[in-house]
Amino acid sequence: MRATGHCINSPTRDCRVVLCRAKPSMNRRLPTASKALLYVAQAAVVAAIAYNVLHLRSYDLRVPFEYQGDSMVILMYIKGMLLNGWTFIIPQLSAPFELNAAAFPIMTNADWLIMKAISLFTSEPGLVLNGFWLLTLALSAASSTLALRLLGLGRVYAFAAGILYAFLPFALLRNVAHVNLVYYLVPFLALLAVHIAGGLASENDKLIRRVAYGACIAQGFDYVYYSFFAVLLFAFAGLVGYVGTRSRRVLAVAATAMALVIGATSINLSPSLYSWYSAGKPPEMNYKKPAEAEIYGAKIRRMIVPNPHNPVRFLAQWARRDQASTFPNENENTMARLGLAASAGFVLLLLVSLRLLRLPNDESGAMLASLAPLSLFTLLFVTAGGAGAVFNLFFFSDIRAYNRFSVFLAFFALAGLGFVLRAWPRGRLGKRIAYPCVAVFGVLGLYDQLLDCNLPERAVADTNQYRADRDIAAHLQALYPAGASILQLPLTGFPPGYLQDRMLSYDHLRPFLWSGENMRWSWPSFSQRHRAWQDRLAGTAPPAMLDAAVYSNFDAILVDRYAYKDDARQLVSALEAAGAVRKFDHSRYVVLDLGTAGDRLLAKVGAPEFARQRAQWLNPAIRVAWGPGFYDAETSAQGVHFRWSSRRSSLTLVNESPLTKKIRVDFDVASQAAGTVQVESGTRRWHIDSRSEPSHASLELSIPPAAQHTLSFQGEVARVVAPGDPRELYFNVENFGYAELAEEAPDKAVVADTRGRQQ
């Protein structure tokens with residue numbers, strides 16, 4: 001690039017200021033149709049690499065590449081789309097009601113639209129998921145190549161860098177487990193940030209803005225993580241560009257990009273926000289804490305480390321020494337590894353930021369001057385203990401895994417490496433030496449990245465699990481050819497978060513994924529309404545639970561033996577003694593039919609009472625909403641249901657009926673050390689003496705129609721110190737339940753335990 005201006009050779013002037021006045025002489029417009037062959041060839045190379053590395057020749061693509069963990073949730077949405085057309089409502093789940101899946105803010109409508117197109121050719125959830133992820137590899141390669149070309153890099157380097165970017169360890173290690181983190185739009189967002197930081201000094205200004213603005217809108221309709229960081233990046237790029245040029249147009253472009261992302265994100269999340277407004281926020285949506293930004297932040301050490309199986313000896317030794325050092329908080333942040341090529345670019349950009357690498361007075365220098373501050377900003381924000389943790393401390397903690405923004409850093413690094421290689425090999429001899437070295441380093445870098453693919457190691461186990469789950473679903477379908485509503489035990493929430501003996505977090509989803517549309521399942525419990533029903537059910541013993549299941553319109557109970565230390569023998573025996581009939585027995589699952597028990601219960605209570613009880617279970621007048629301060633429900637070894645509370649907490653009783661309801665609320669309070677728990681309701685206040693032995697409280701309340709009643713708790717007790725548990729535990733509330741009373745009466749409360757006192 002040539003430029004005009006009297007200060008182009010002045011070492012005291014910022015080359016970005018000159019470049020924004022310059023008349024570029026090189027034409028880098030969007031490739032014509034003939035040049036599109038570059039992207040076709042690249043897609044073929046990506047497909048060939050994926051075919052060999054993933055061993056696709058012998059892999060059954062109906063089996064998800066990752067068949068456990070978070071990929072199960074994505075499969076749930078895909079199955080819902082296949083059965084019902086889209087992902088917002090899944091009637092087959094959360095029986096006896098339905099799952100409002102939009103309430104979980106994982107809205108990725110742009111990705112789902114692509115999956116919808118794939119689903120026109122197959123009804124296999126695993127094939128849709130795998131096909132989408134494989135497609136995004138090619139899309140990531142193409143988008144990064146196009147973005148690098150628009151920045152001014154040559155075709156050969158952009159082609160190779162695009163392949164490196166597509167096969168980042170970030171993609172291979174996560175694959176479909178975090179498929180919402182595919183990053184095919186990130187290069188266009190990063191491209192616009194570089195363009196803004198450089199003062200919009202490109203003859204492709206209009207083209208860059210059009211492509212990037214479209215990506216901003218598309219990203220807004222995708223997972224919120226990249227949308228959040230793109231807004232921060234545009235704001236910083238606007239500041240850098242304005243300081244370099246004093247041009248308000250730079251600020252206007254940055255503000256436009258931010259507005260497009262924020263506007264599209266707001267529309268994308270509107271179904272979730274409306275669900276929260278109309279039905280209440282789901283019970284377990286407050287599981288993220290500011291401190292987790294420190295846990296899941298990126299680590300420079302992990303980003304630049306090679307693979308331990310690298311063929312270069314000293315690189316492999318470096319990686320193995322790192323593994324053996326047992327650094328703390330090694331989690332998904334290990335997936336932010338950049339690979340050798342991007343690591344080299346990352347280090348070079350750091351040297352530029354520290355002014356340890358002198359910039360040439362040409363276009364490459366100007367680009368490096370824009371890339372360096374963006375890379376440094378990204379690093380300072382995403383690293384453990386960085387600006388991201390400060391942001392979470394003062395604003396909100398929903399964005400906590402800052403290592404995920406390493407894909408922005410990887411693009412900046414590959415772009416920076418390209419401009420360094422373009423600027424520094426001088427003379428014909430230098431270029432002759434440099435090009436073969438770069439080619440060898442690129443091949444070694446790609447090989448190092450591909451070593452992170454661990455799919456073949458899991459393929460056999462995942463395939464066997466897939467076949468076993470399909471067999472179970474087929475058995476259940478054969479037992480109930482006309483369909484059935486099935487209660488799944490144990491009762492868990494969503495997201496469950498913890499293992500229960502041998503049962504994994506999302507295992508309750510497995511039968512649903514391979515069953516037909518006429519089968520209904522009780523999991524997940526992900527609404528205030530469903531949780532109130534489940535909490536009420538959890539407080540019943542097996543005989544009463546069986547009646548409750550019948551009243552709730554279930555046809556069978558599916559018990560997962562893996563969740564119980566005794567393989568659920570005690571539970572199954574108790575349910576059979578209460579009238580359930582064992583219809584299917586498996587090493588993992590037991591199916592108990594409720595048909596006979598339902599007939600007996602109907603004959604026992606009569607049709608009117610049966611109908612009344614069913615209405616009470618399916619349309620309860622009172623809903624219990626556990627509020628801030630209370631943690632997820634737990635069950636002790638003795639079968640006691642309880643919730644830990646922080647020092648201050650609250651719960652709300654919602655009367656959803658058109659009548660005034662008088663209820664009696666019963667619960668026990670316990671703490672590790674002796675003290676007092678204060679319960680407040682409006683103008684009334686009670687003190688309950690608390691210690692390790694539970695103190696019982698019984699409160700009678702009258703709640704007007706369509707109104708709610710809040711109980712506030714405050715513990716004047718010592719905090720429980722639990723090693724490794726970051727929660728603030730003060731006291732717990734046990735066996736919480738309520739009963740409707742026949743007659744209305746003024747509000748009153750009685751603390752049943754003799755140690756209690758009313759105030």
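Values reported hereafter were calculated over all heavy atoms of this structure, with side chains retained and with hydrogens, waters and symmetry mates removed. None of the values given here were measured: they were computed from a predicted structure. Throughout, numbering of the chain's residues begins at 1 and tracks the sequence.
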Quick one, Trp644 with Phe731, criterion ring-ring contact (aromatic ring centres under 6.0 Å, His included). Give me CA distance, side-chain angles, the key distance, then yes/no.
CA-CA 6 Å; Trp644 276 106; Phe731 62 93; 8.4 Å; no

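- Both tests do not hold together for Arg520 against Phe512: distance to the six-membered ring centre under 6.0 Å, angle to the ring axis within 45°.
- Between Phe228 and Phe391, the distance from one ring center to the other falls under 6.0 angstrom.
- A side-chain N or O of Asn403 and one of Glu332 form a donor-acceptor pair less than 3.5 Å apart.
- With respect to Phe170, the side-chain contact (heavy atoms from CB on, under 4.5 Å) criterion is satisfied by exactly one of Arg404, Arg337, Met303: Arg404.
- Between Glu330 and Arg302, the closest side-chain pair of non-hydrogen atoms falls below 4.5 Å.
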Check step by step if ring-ring contact (aromatic ring centres under 6.0 Å, His included) holds for Tyr402 and Phe229.
CA-CA 9 Å; Tyr402 282 99; Phe229 192 72; 8.0 Å; no

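- Under the 4.5 Å side-chain criterion, counting only non-hydrogen atoms from C-beta, Leu83 is not in contact with Ile90.
- Counting non-hydrogen atoms of other residues, nucleotides and ligands closer than 6.0 Å to CZ of Phe396 gives a total above 12.
- Side-chain contact check for Asn100 and Ser275: at least one donor-acceptor pair (N or O, by modelled atom type) lies under 3.5 Å.
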Show me the donor-acceptor pairs within less than 3.5 Å that the side chains of residues 181-190 make with the rest of the protein, sequence neighbours left out.
{"from": "Tyr183", "atom 1": "OH", "to": "Tyr165", "atom 2": "O", "distance (Å)": "2.7"}
{"from": "Tyr183", "atom 1": "OH", "to": "Ala166", "atom 2": "O", "distance (Å)": "3.2"}
{"from": "Tyr184", "atom 1": "OH", "to": "Asp111", "atom 2": "OD1", "distance (Å)": "2.6"}

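- Checked by atom type, the side-chain pair Asn329/Glu294 shows no donor-acceptor distance below 3.5 Å.
- Take Tyr631 and apply the ring pair (Phe, Tyr, Trp, His ring centres under 6.0 Å) test, not counting sequence neighbours, and it matches no residue.
- Ring to ring, Tyr225 and Phe405 are close: their centroids are under 6.0 angstrom apart.
- Using a 4.5 Å heavy-atom cutoff, the side chains of Ile295 and Asn331 are in contact.
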I'd like to know whether Asn732 forms a side chain to side chain donor-acceptor pair (under 3.5 Å) with Glu634, so could you lay out the CA-CA distance, the side-chain angles of the two residues, the decisive distance to 0.1 Å, and finally the verdict.
CA-CA 10 Å; Asn732 58 57; Glu634 301 178 54; over 6 Å; no

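- A salt bridge links Arg643 to Asp535: at least one charged side-chain nitrogen sits closer than 4.0 Å to a carboxylate oxygen.
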Residues 253-267, side-chain donor-acceptor partners within the protein, below 3.5 Å, at least two apart:
{"from": "Thr256", "atom 1": "OG1", "to": "Ala252", "atom 2": "O", "distance (Å)": "2.8"}
{"from": "Thr265", "atom 1": "OG1", "to": "Val261", "atom 2": "O", "distance (Å)": "2.7"}
{"from": "Ser266", "atom 1": "OG", "to": "Ile262", "atom 2": "O", "distance (Å)": "2.8"}

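- Side-chain N/O atoms of Trp523 and Ser94 include no donor and acceptor closer than 3.5 Å.
- A donor atom on one side chain and an acceptor atom on the other are not found under 3.5 Å apart for His508 and Thr492.
- Remark: the Thr652 side chain and the Gln708 side chain contain no N/O donor-acceptor pair separated by less than 3.5 Å.
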